[in-house]
Amino acid sequence: MVTHRTVEVGGLRMHLAEQGTGPLVLLLHGWPETSHSWRHQLGPLADAGYHVVAPDQRGYGGTDSPADASRYTLLHLVGDVVGLIHALGEREAIVVGHDWGAPVAWHTALLRPDVVRGVAGISVPPTLRAPAPPLSLLRERFGGGFYQIYFQQPGVAEAEFGADLRTTFRKLLGGAAEAPVVRDGEGFLDRFTEPAALPAWLSEEDVDAAVESFGRSGFTGGLNWYRNIDRNWELLAAWRDTPITPPAFYLCGDGDLTRAFTDSSRIAEAAPDLRGAVDVPGAGHWVQMERPDEVNTALLEFFKQL
């Protein structure tokens with residue numbers, strides 16, 4: 001059975017969903033998600049002999065949301081992961097991340113390889129350091145309407161997403177997405193088509209869970225991760241050309257929209273001990289929810305190598 005509790009990590013109250021006993025596996029969600037996005041992984045990974053823990057990350061769900069936007073850098077987020085490992089009484093963990101959780105996982109392995117038994121990224125590959133601040137490069141490539149740039153202005157995206165929470169999550173999770181570039185006079189959600197019926201892998205109860213969670217926490221905490229993209233580039237300059245040394249694994253749906261603006265061609269250069277890279281045919285961005293059996297099988301095959 002999945003249990004829930006709150007632990008203190010570096011002064012932050014962090015909500016956890018967990019199941020099982022054995023070696024520690026941390027499942028790090030992305031945006032706009034919570035620990036609920038790992039509902040199909042907790043049981044199967046626990047049944048395979050692991051202590052599986054899915055936290056609500058900083059700014060999300062039942063975890064604290066610091067008011068200061070500068071407290072959402074990758075250094076803070078990696079610190080949360082390391083602190084959580086120790087708060088759970090462990091010295092190391094297998095760290096798995098999806099979407100924004102993937103950069104947190106990759107950077108935990110980069111900055112603290114001593115506490116990472118293995119690292120798996122879903123959707124977002126590890127990246128080499130950009131030659132210039134990332135937002136300027138994204139602006140040059142996609143224009144000022146690119147969603148990560150649209151998210152920079154405090155209050156704008158919050159107002160859009162908070163206006164009708166159910167429509168927001170029906171569109172973001174279950175809708176068909178066009179290019180993630182906001183057009184003049186429109187919002188980010190205008191690039192999504194709301195489905196008449198939810199896809200088979202997403203229930204109205206899942207939408208209810210998102211509505212309840214973000215109705216309580218709001219969107220600012222999660223959006224503040226985007227508002228530190230260039231700051232992360234500055235803070236991590238000292239690790240330029242440093243490889244990720246723990247054993248690594250990458251998985252992505254072949255229809256994932258992030259493929260348009262991420263580069264998976266240099267994963268082995270960023271993470272030399274790459275044990276596998278899997279494309280899931282016919283899957284989109286929410287692959288761990290869309291195709292849980294294939295994701296769980298692939299993760300467990302990786303775990304067996306550690």
Side-chain angles (χ1 to χ4, degrees), residues 1-9 12-64 80-99 101-102 104-105 108 115-120 122 169 173-174 198-217 222 249 251 286-304 306:
M1 293 289 293
V2 176
T3 60
H4 298 264
R5 61 174 166 140
T6 299
V7 299
E8 184 164 320
V9 177
L12 201 72
R13 292 173 301 169
M14 180 173 286
H15 167 258
L16 313 177
E18 62 185 323
Q19 187 170 351
T21 59
L24 179 61
V25 175
L26 296 183
L27 302 177
L28 307 178
H29 67 80
W31 181 89
E33 302 171 279
T34 64
S35 55
H36 184 73
S37 69
W38 297 109
R39 59 194 175 277
H40 301 304
Q41 280 67 52
L42 286 160
L45 299 187
D47 289 345
Y50 296 92
H51 178 199
V52 190
V53 176
D56 290 344
Q57 295 205 76
R58 176 181 295 241
Y60 287 91
T63 294
D64 288 344
D80 292 344
V81 175
V82 175
L84 178 58
I85 292 170
H86 294 311
L88 294 171
E90 301 288 349
R91 297 177 60 184
E92 65 176 9
I94 303 169
V95 184
V96 181
H98 169 253
D99 185 79
V104 178
T108 302
V115 302
V116 176
R117 183 177 167 194
V119 58
I122 298 175
F169 286 103
L173 298 178
L198 293 176
W201 57 267
L202 184 68
S203 70
E204 291 291 352
E205 290 74 22
D206 295 327
V207 175
D208 290 341
V211 168
E212 189 280 329
S213 180
F214 283 85
R216 179 161 36 91
S217 69
F249 176 75
L251 181 145
W286 315 107
V287 62
Q288 83 277 27
M289 295 183 272
E290 296 176 44
R291 305 283 280 279
D293 291 345
E294 291 164 71
V295 171
N296 297 341
T297 297
L299 288 176
L300 288 172
E301 285 298 318
F302 171 57
F303 294 175
K304 290 176 183 177
L306 304 177

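The residue from Y60, W286, W38 that alone fulfils the side chain to side chain contact (heavy atoms under 4.5 Å, CB included) condition with E33 is W286. Partner of L84 under the side chain to side chain contact (heavy atoms under 4.5 Å, CB included) criterion, out of D80, V81, L88: L88 alone.
Checked by atom type, the side-chain pair H51/E18 shows a donor-acceptor distance below 3.5 Å.
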Practice prompt. Go through the steps to decide whether F214 and T34 satisfy the test side-chain contact (heavy atoms from CB on, under 4.5 Å), and finish with yes or no.
Written response: CA-CA 9 Å; F214 283 85; T34 64; 4.1 Å; yes
Item to complete: Take L300 and Y50 through the test side-chain contact (heavy atoms from CB on, under 4.5 Å) and record every step on the way to the result.
Response: CA-CA 10 Å; L300 288 172; Y50 296 92; 3.9 Å; yes
Item to complete: Run the numbers on V207 and L198 for side-chain contact (heavy atoms from CB on, under 4.5 Å), then give the verdict.
Response: CA-CA 10 Å; V207 175; L198 293 176; 3.9 Å; yes
Item to complete: Could you give me the CA-CA distance, side-chain angles and deciding distance for V25 and L299, then say whether side-chain contact (heavy atoms from CB on, under 4.5 Å) is met?
Response: CA-CA 11 Å; V25 175; L299 288 176; over 6 Å; no
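Formation of a donor-acceptor pair under 3.5 Å by the S35 side chain with backbone atoms of P55 is not found in this model. Judged by distance alone, with hydrogens and angles left aside, the side-chain atoms of S213 form no donor-acceptor pair with the main-chain N or O of A209 at under 3.5 Å. With hydrogens and angles disregarded, no donor-acceptor distance shorter than 3.5 Å links the side chain of T63 to the backbone of G59. When atom types are taken as modelled, the side chain of H29 and the backbone of H36 share no donor-acceptor pair closer than 3.5 angstrom. At distances below 3.5 Å, at least one donor-acceptor pair connects side-chain atoms of Q41 with backbone N or O atoms of Q288. D56 places a side-chain N or O within 3.5 Å of a backbone atom of G62 that can act as its donor or acceptor partner. At least one donor-acceptor pair under 3.5 Å links the side chain of D99 to the backbone N or O of W31.
In plain terms, the two heavy atoms of Q57 and L28 that are nearest each other are NE2-CB, 3.5 Å. Considering every non-hydrogen atom in both G20 and A46, the closest pair reads CA-CB, 3.7 Å. Taking both residues in full, the closest heavy atoms of V295 and V287 are given as CG2-O, 3.7 Å, listed atom of the first, atom of the second, then distance. Minimum heavy-atom separation, A105 to V119: O-CG2, 3.5 Å.
By the 4.5 Å heavy-atom criterion applied to side chains, V96 and F303 are counted as neighbours.
In this structure, CG in L16 is found 7.0 Å from OG1 in T6, a value given to the nearest 0.5 Å. Expressed to the nearest 0.5 Å, how far CD1 of I85 lies from OG1 of T108 amounts to 7.0 Å. Expressed to the nearest 0.5 Å, how far CD of E92 lies from NE2 of H86 amounts to 11.0 Å. Separating the NE2 atom in H40 from the CZ atom in R291 is a distance of 13.0 Å, to the nearest 0.5 Å. Interatomic distance, CG of L306 versus CZ of F249, reported as 11.0 Å (0.5 Å rounding). The structure places CH2 of W201 at 5.0 Å from CE of M289, a figure rounded to the nearest 0.5 Å.
For R91, the CZ atom counts as loosely surrounded, since its 6.0 Å shell holds 12 or fewer non-hydrogen atoms of other residues, nucleotides or ligands.
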